[in-house]
Amino acid sequence: MLGLAASPICSLPREVWAAFGKAVKDRWARSHQERSLKLLGFLLLLAGWGIVLAAVALLAPSVSRPIFVLAGLGVEILGLALVMRSHPIPRGEAE
Amino acid sequence: MTSAPASAPSDLALVLCTVSILLVPFVGVGLSVVNAGLGRSRSAAHLMFTSLGIISVAALAYFVCGFAWEGFAGRPAHIFTLAGKSWNWIAAEPWFFRGLQFDGSPASLAAWLQMLTVGLVALIPLGSGADRWRLRAALFSTALLAGLTYPLFAHWVWGGGWLAQLGANFGLGHGFVDVGGASTIQVTGGLGALTIAWILGPRRGKYSADGLPTAIPGHNTVLVLFGCLLALLGWTGLNSAGAILFMGAEFGRVALVAVNTLLAAVASGLAAGVITHVRFGKPDASLSANGWIGGLVAISAGCAFVNPAEAVVIGLIAGGLVTFAIEWFELKLAVDDPGGSISAHAVGGIWGVLSVGLFAHISGRALEPLNGTTHLLGSGDSGQFLAQIVGVATLLGFVLPLTYFLNWLLNRIYPQRVPVEGERQGMDLYELGAGAYPEFMTHADEFTQRKT
């Protein structure tokens, strides 16, 4: 035996352990959400560029081409906004 | 496959181009000094030393493989056909400058110029990573930027690539136009700065417990303003050399390039000064300096194609944009960018690229169609703005994800942020073992919040 059962950590009340578990779970969920947002944002950036390229390559120089190019740029801006939102404001990082 | 035959510029233009390239290192000096001045005193030596390292690694990476992938218009390139049109996507030069004759030809001058400019691209992220970016991480990141990201995009714009040929192939004006590197150098570097700021996170103490940013002023405003003047000198050379090499400007056009460069810088710097004076009661020197740099960045794209009055307008708008963008990034997006690199270079550069579509007069025989690119051979100016938008979309949709992915990968292998102890000690002591100002007494940092 390593004396684990007698250590002060193991003698903490059940509520403390529950709070710790909840914090870890919340943190994981938040970081998972941030990762998903970031991934989605970068995918939208690439997709927007794809729309722009497709519009240039496939559409005739008429009204539809500028519309699709602008739509592609709009998708990119949406993606950029998502990537920016995936980087939250850090709080309480005192030196 | 060769993209298109190159025509030779006049001897006079080549001499002027050589003199202009000699001035380009002053941009690097200026940016380094600005970055150092806007950082903390305890990281000043580290910033300057890292700048030197970045310029060295960038030049070597470009020598090894950068030029092989960027090339020069009229030289070998990989071209594929899609939807009945040819897409020139990457150069096919041998590595280590093999096959390049250093005989004063435009290609050799372009290689020399770009060995310098690639260092500028890599210096820009250093401004946003100041006080917390490890030396070796900065050098590794530079190698990726200078060896892969920059050459690829620069080939598309300056190497006769598909963006330059948007006019000939798809009837979009004269193709994507960027005379002095507002997109290739500035926006690419600015997006790199954004990536680094995201990956590193803010400096410790930058944001308080309630998420509000704390002011961490630069340690030497004199350095910052001196850097602005140096940058003006170098930028004049950079824009002139770009106009001759990539746009085929004749000798006489360089005066216009120089005048426009100066006018945009002063207009932008003054605009930033006036805006901060109106908002805060006194002009802010560091924001005005960022405005000055933003004006230089913005005019780079169209310096050979706009008249002086338009250059002033471009500068004024750049000064306003940069000033508000800095605040926006810091307050709303929690992006800690000590050097203002993202706002000055990325935001200013994107505005500069778009301003070509709004203001440029490219039609007529003002510039010779050098290098086989199609700036004078397109169907007119109606699609020019669209061509510029396609360029911006490529920067956001390709350059930004690629830069982020490469830096994210690097961060997984070699963490880029210095440990907490390094930030507390300062980068000078932690990474170099000696401070920039050893004769000065070390004070506790008076401007950051401390844990009580």
Side-chain angles (χ1 to χ4, degrees), chain A residues 23 26-28 30-95, chain B residues 82-85 87 162 166 169-172 194 197-199 201-214 216 329 331-336 379 382-383 385-387 389-402 404-405 408 420 423-424 444-445 448-452:
Chain A
D26 288 351
R27 171 73 189 145
W28 185 86
R30 203 164 54 239
S31 67
H32 180 70
Q33 190 185 12
E34 286 162 9
R35 273 200 304 272
S36 304
L37 264 183
K38 195 183 296 179
L39 186 64
L40 183 62
F42 279 116
L43 285 176
L44 283 177
L45 280 170
L46 289 169
W49 187 47
I51 292 171
V52 170
L53 287 183
V56 169
L58 302 175
L59 297 177
S62 58
V63 181
S64 56
R65 185 195 270 177
I67 289 173
F68 273 87
V69 168
L70 289 175
L73 190 66
V75 171
E76 287 190 2
I77 291 169
L78 187 65
L80 193 60
L82 285 185
V83 175
M84 285 178 171
R85 278 191 65 87
S86 72
H87 293 85
I89 296 177
R91 291 168 195 279
E93 265 203 348
E95 192 174 15
Chain B
L82 182 69
K85 303 288 184 185
W87 294 71
W162 65 271
L166 283 176
N169 285 344
F170 302 103
L172 293 180
L194 179 61
W198 273 337
I199 287 176
R203 289 168 289 179
R204 293 189 74 79
K206 177 65 188 174
Y207 290 92
S208 62
D210 49 3
L212 289 174
T214 311
I216 305 178
F329 275 109
L331 288 178
K332 304 289 182 193
L333 301 176
V335 174
D336 183 16
S379 61
S382 59
F385 191 64
L386 207 57
I389 287 181
V390 173
V392 171
T394 305
L395 284 160
L396 294 178
F398 175 76
V399 173
L400 178 60
L402 178 65
Y404 190 93
F405 173 72
W408 173 83
V420 178
E423 275 191 86
R424 289 216 175 102
D445 203 319
T448 56
Q449 294 193 342
R450 291 185 155 281
K451 208 178 266 180
T452 51

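Reminder, nothing fancy here: chain letters follow the sequence lines and each chain counts from 1.
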Exercise. In terms of heavy-atom proximity below 4.5 Å to chain A, should B:Tyr404 be classed as side chain, backbone, both, or neither?
Worked result: side chain
Problem set entry | Least distance between heavy atoms, A:Glu34 atom then A:Ser86 atom | O-CB, 3.4 Å
Exercise. Which heavy-atom pair separates B:Trp162 from B:Val390 by the least distance, and what is that distance?
Worked result: CZ3-CG1, 4.0 Å
Seminar exercise, completed: Per-residue tally against chain B (heavy atom, under 4.5 Å) across A:Val56, A:Leu46, A:Leu53 peaks at A:Val56
Exercise. Between A:Leu58, A:Val69, A:Ile51, which shows the greatest number of heavy-atom pairs under 4.5 Å with chain B?
Worked result: A:Val69
For this session: Start with the C-alpha distance between B:Asn169 and B:Trp87, add both sets of side-chain angles, then the distance that settles side-chain contact (heavy atoms from CB on, under 4.5 Å), and finish with yes or no.
Result: CA-CA 9 Å; B:Asn169 285 344; B:Trp87 294 71; over 6 Å; no
Exercise. Is chain B contacted by the side chain of A:Leu70, its backbone, both, or neither, given a heavy-atom distance below 4.5 Å?
Worked result: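 The answer is the side chain of A:Leu70.
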Exercise. Checking heavy atoms, do the side chain of A:Val52, its backbone, both or neither come under 4.5 Å from chain B?
Worked result: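 Just the side chain, heavy atoms under 4.5 Å.
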Exercise. Of all residues at least two apart in sequence or in a different chain, which pass the side chain to side chain donor-acceptor pair (under 3.5 Å) check with B:Thr394?
Worked result: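 Checked B:Thr394 against side chain to side chain donor-acceptor pair (under 3.5 Å); matches are A:Trp49.
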Problem set entry | Results of side chain to side chain donor-acceptor pair (under 3.5 Å) for A:Ser64 - residues two or more places apart only | A:Ser62
